[in-house]
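In this text, all values refer to a predicted model and were calculated from it rather than measured experimentally. The chains referred to below are lettered A, B, ... by the order of the sequence lines, with proteins before strands, and numbering in each begins at 1.
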Protein chains: 2
Amino acid sequence: MSQSVKNQSIEYIANVMKTLGDQNRLYIFSLLSKHELCVCEITAISHLSQSNVSQHLAKLKSAGLVKERRDAQWIYYSLNSQKNPVVSEIIKLIPEPPENIFPTASSGNHSTCKF
Amino acid sequence: MSQSVKNQSIEYIANVMKTLGDQNRLYIFSLLSKHELCVCEITAISHLSQSNVSQHLAKLKSAGLVKERRDAQWIYYSLNSQKNPVVSEIIKLIPEPPENIFPTASSGNHSTCKF
DNA sequence: TTAGTATATTAGAATATACTAATAAGGTAA
DNA sequence: TTACCTTATTAGTATATTCTAATATACTAA
């Protein structure tokens, strides 16, 4: 914890809590705590609609909790742990998703998104 | 951390986050992290209505975050740190309220609630 | 008992949220 | 270019939330 979490304003912490206070968003956050994932992978794992996943990711991003990286058609999301000290503290609070729900390396070549 | 926070279900953690994802409730939670307070004290410090404070406290209690203790007319609320391992983890995330907003011991004799 | 104080509950209005369906936008590859 | 894939955005609906105002409940003390 290089920069103290406690230096954040209560307004910001409340916004983080509100953002993660939705079951589906917290679940997406927990997925990203284990692996960087593209939107279609999250959509497949979560059984939410693509539109819904996209909207949840936008809120997570707006709260400074995730970052994105484009690779061809795919946009990969991951937690913003490096820049945001709150993220690593939150990770300690949430249960880890089972590893077997994630696509395997062999299935993840993205010739087409079949997840 | 005698009992691990990570053993809690993601549904429960989401509900805790949702409960604390309101600025006013998070503020009340932060007040209680420093002092046990009765409803009229919280009402005075927070500048919220008595009804509103009561409703927020009911939600905090329903989420297992606070407990109450009656003393004559007054009901004192405090954090449920002993029974709920999540509480002490959350405390680490939130900024501390300034000490000078709390009623002093001399003003707190409750001959009438003048806070 | 009655009056007064502290807290909880209810009803209702205004606002915010999550979701679906449809469409737009950005990129790839033939 | 066109067809296709991935992601984002928009509009609209259903539901949830926060707050105020009014009232009810619980306790104390005269």
Side-chain angles (χ1 to χ4, degrees), chain A residues 11 14-29 31-32 36-63 66-78 103 107-115, chain B residues 11 14-29 31-32 36-63 66-78 103 107-115:
Chain A
E11 290 80 10
N15 187 56
V16 166
M17 300 269 187
K18 185 184 203 169
T19 303
L20 294 176
D22 174 89
Q23 272 194 222
N24 290 328
R25 269 197 301 273
L26 188 62
Y27 182 59
I28 292 172
F29 182 92
L31 295 176
L32 297 177
E36 179 186 60
L37 295 167
C38 70
V39 179
C40 64
E41 288 172 318
I42 298 169
T43 300
I45 298 171
S46 67
H47 302 297
L48 300 171
S49 73
Q50 181 271 317
S51 169
N52 198 6
V53 168
S54 184
Q55 291 173 70
H56 283 315
L57 288 168
K59 289 208 173 188
L60 289 166
K61 190 182 163 198
S62 162
V66 306
K67 61 183 192 296
E68 56 184 279
R69 164 182 79 82
R70 178 179 277 278
D71 180 8
Q73 296 114 312
W74 298 278
I75 300 181
Y76 287 89
Y77 282 85
S78 57
S107 71
N109 61 3
H110 278 308
S111 64
T112 180
C113 192
K114 50 189 168 304
F115 301 114
Chain B
E11 289 81 10
N15 187 57
V16 166
M17 300 269 187
K18 184 183 202 170
T19 302
L20 294 176
D22 174 88
Q23 273 194 221
N24 291 329
R25 269 196 302 273
L26 188 60
Y27 182 59
I28 292 173
F29 182 91
L31 295 177
L32 296 177
E36 179 186 61
L37 295 168
C38 69
V39 180
C40 62
E41 287 172 319
I42 298 169
T43 300
I45 297 171
S46 68
H47 302 296
L48 300 170
S49 73
Q50 180 270 319
S51 168
N52 198 5
V53 168
S54 185
Q55 289 173 73
H56 283 315
L57 288 168
K59 287 206 175 186
L60 289 167
K61 190 182 164 196
S62 162
V66 306
K67 61 182 194 297
E68 56 183 279
R69 166 181 78 82
R70 179 179 277 278
D71 179 11
Q73 295 116 313
W74 299 280
I75 299 181
Y76 287 88
Y77 282 85
S78 57
S107 72
N109 62 2
H110 278 309
S111 65
T112 180
C113 190
K114 52 186 164 307
F115 301 113

**Message:** With side-chain contact (heavy atoms from CB on, under 4.5 Å) as the criterion, how do B:Val66 and B:Ile28 come out once you've worked through the C-alpha distance, each side chain's angles and the decisive distance to 0.1 Å?
**Reply:** CA-CA 10 Å; B:Val66 306; B:Ile28 292 173; over 6 Å; no
**B/S/- contact track for nucleotides 24-30 of chain D, protein heavy atom under 4.0 Å** = --SBS--
**Asked** Between C:dT20 atom C1' and A:His56 atom NE2, what is the distance in whole Å?
**Response** 12 Å
**Asked** Is the distance from OP1 or OP2 of D:dC19 to the nearest side-chain N or O of B:Asn24 less than 4.0 Å?
**Response** yes
**Asked** With sequence neighbours left out, what residues match B:Gln73 under side-chain contact (heavy atoms from CB on, under 4.5 Å)?
**Response** none
**Message:** By the salt bridge (Lys or Arg N to Asp or Glu O under 4.0 Å) test, which pairs, at least two apart or in different chains, include something from residues 44-58 of chain B?
**Reply:** none
**Asked** In the 5'-to-3' direction, what one-character label does each nucleotide of nucleotides 10-17 of chain D receive under the scheme B = base within less than 4.0 Å of a protein heavy atom, S = sugar-phosphate only, - = no such atom?
**Response** B------S
**Gap between atoms CG and P, on B:Leu48 and D:dA21 respectively (whole Å)** = 14 Å
**Item:** Nearest-angstrom distance from the residue atom OH of A:Tyr76 to C1' of C:dG27
**Value:** 14 Å
**Asked** Does a side-chain N or O from A:Asn52 land closer than 4.0 Å to OP1 or OP2 of C:dT20, or not?
**Response** yes
**Prompt:** For A:Lys67, what residues pass the side-chain contact (heavy atoms from CB on, under 4.5 Å) criterion, not counting sequence neighbours?
**Reply:** A:Ser78, A:Asn80
**Prompt:** What pairs with B:Arg70 under side-chain contact (heavy atoms from CB on, under 4.5 Å), at least two apart in sequence or on another chain?
**Reply:** B:Ile75
**D:dT6 phosphate, OP1 or OP2, under 4.0 Å from A:Tyr77 side-chain N/O** = no
**Request:** In whole angstrom, give the distance that lies between atom CD of B:Gln50 and atom P of D:dT23.
**Result:** 15 Å
**Message:** Pairs counted only when both distances fall under 3.5 Å, Watson-Crick or G-U: show me the 5' to 3' dot-bracket for DNA chain D, [ ] for pseudoknotted crossings and | for other-strand partners.
**Reply:** ||||||||||||||||||||||||||||||
**Request:** Rounded to the nearest angstrom, tell me the gap between atom CD1 in B:Ile28 and atom P in D:dT18.
**Result:** 11 Å
**Fill in**
B:Tyr27 OH to D:dT18 P, in whole Å, measures 18 Å
**Request:** Apply side chain to side chain donor-acceptor pair (under 3.5 Å) to A:Ser51 and list each qualifying residue two or more places apart in sequence or on a separate chain.
**Result:** A:Gln55
**Request:** Walk me through it: do A:Ile42 and A:Leu57 pass the test side-chain contact (heavy atoms from CB on, under 4.5 Å)?
**Result:** CA-CA 10 Å; A:Ile42 298 169; A:Leu57 288 168; 4.1 Å; yes
**Asked** Given atom CD of A:Glu68 and atom P of C:dG26, what is their separation to the nearest angstrom?
**Response** 13 Å
**Item:** By side-chain contact (heavy atoms from CB on, under 4.5 Å) - contacts of B:Gln50 (at least two apart)
**Value:** B:Thr43, B:Ser54
**Prompt:** Taking for each residue the nucleotide of DNA chain C bearing the nearest heavy atom, is the 5' side occupied by A:Gly21 or by B:Ala58?
**Reply:** B:Ala58
**Asked** Does A:Glu68 have any side chain to side chain donor-acceptor pair (under 3.5 Å) partners at least two apart in sequence or in another chain, and if so, which?
**Response** A:Lys61
**Pairs satisfying salt bridge (Lys or Arg N to Asp or Glu O under 4.0 Å), at least one member in residues 43-56 of chain A, at least two apart** = none
**Asked** Run the side-chain contact (heavy atoms from CB on, under 4.5 Å) check on A:Thr19 and A:Phe29 step by step: do they pass?
**Response** CA-CA 10 Å; A:Thr19 303; A:Phe29 182 92; over 6 Å; no
**Message:** Holding to side chain to side chain donor-acceptor pair (under 3.5 Å), I want the full list of residues that pass it with B:Asn24, two or more places apart in sequence or in another chain.
**Reply:** none
**Item:** Rounded distance (Å) that lies between atom P of D:dC19 and atom NE2 of B:His47
**Value:** 15 Å
